[in-house]
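Take a look at the structure below.
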Amino acid sequence: MASSGEINGTPCIVQNGTGEIVGQGSLTHTYGGTLIETTNQSNGDAITYMEGENAGKQHIFAGDFTYNDDTQYRKVRADVFSGASDTYTLTFVSSATTDEAFSGTFFPTGLVDTIAQGVKVTTSLSFNSSGDVIHTPAVT
């Protein structure tokens with residue numbers, strides 16, 4: 001039976017500006033943008049939007065990382081408290097020649113530590129883009 005080409009969610013990598021891996025965990029990637037409405041009376045009651053444009057463009061990576069003592073993980077935690085940004089890249093790893101990636105300036109924010117008895121400690125973080133994000137499409 002042929003594979004449908006799906007990728008397992010675990011091979012996604014978050015790296016900082018030096019190329020070091022920030023950590024492992026479960027992530028979501030959200031892209032927010034608002035369509036620009038161009039509705040006018042010549043279209044009657046139909047709503048129309050500007051083609052190829054939107055406002056409020058922002059990428060957010062959010063998820064849970066396993067608490068650890070890695071230098072880059074600790075740097076991200078420190079950046080949350082100081083309000084510092086860094087270049088971050090989210091790469092989806094697959095069998096493609098070049099994997100899909102999103103890279104730009106991001107501010108880590110929204111730190112939440114979950115400390116449950118008898119299980120690993122996890123840290124929830126969001127990485128909010130500031131400025132343009134470079135999207136590298138996957139190439140097979």
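Taking every heavy atom of both residues into account, T39 and A46 meet most closely at CG2-O, 3.4 Å. In this structure, S130 and F107 approach most closely via the heavy-atom pair CB-CE1, 3.6 Å. Considering every non-hydrogen atom in both D79 and P108, the closest pair reads CB-CG, 3.7 Å. Taking each heavy atom of V80 and L125 in turn, the nearest pair found is CG2-CD2, 3.8 Å. Considering all non-hydrogen atoms of both residues, I36 and A55 come closest at CG1-N, 4.1 Å.
Side-chain atoms of T66 and N68 form no donor-acceptor pair, as typed in the model, at a separation below 3.5 Å. Under the 3.5 Å distance criterion, with hydrogens and angles disregarded, a donor-acceptor pair is assigned to the side chains of T38 and T48. Under the 3.5 Å distance criterion, with hydrogens and angles disregarded, a donor-acceptor pair is assigned to the side chains of D64 and S124.
Here F102 pairs with H29, H59, H135 under the ring pair (Phe, Tyr, Trp, His ring centres under 6.0 Å) rule; sequence neighbours left out.
Atoms OG1 and CG, on T71 and N16 in that order, are 10.5 Å from each other to the nearest 0.5 Å. Interatomic distance, S129 OG to L90 CG, rounded to the nearest 0.5 Å: 12.0 Å.
A 6.0 Å sphere centred on CD of E37 holds more than 12 heavy atoms belonging to other residues, nucleotides or ligands. When the shell of 6.0 Å around CG of N54 is examined, it contains more than 12 heavy atoms from other residues, nucleotides or ligands.
Partner of D86 under the side-chain hydrogen bond (donor to acceptor under 3.5 Å, both in side chains) criterion, chosen from Q72, K75, Q15: K75. Partner of T123 under the side chain to side chain contact (heavy atoms under 4.5 Å, CB included) criterion, chosen from L111, V76, T114, I115: L111.
By the rule that hydrophobic residues join a cluster once side-chain heavy atoms approach within less than 4.5 Å of another member, F81 and Y67 end up as members of one cluster. Follow the hydrophobic side-chain contacts under 4.5 Å out from V133 and you reach Y88 in the same cluster.
For F61 and F106, the distance between ring centers is under 6.0 angstrom.
Ion pairing of D70 with R77 is absent here, as no side-chain N (NZ or NE/NH1/NH2) approaches a carboxylate O to less than 4.0 Å.
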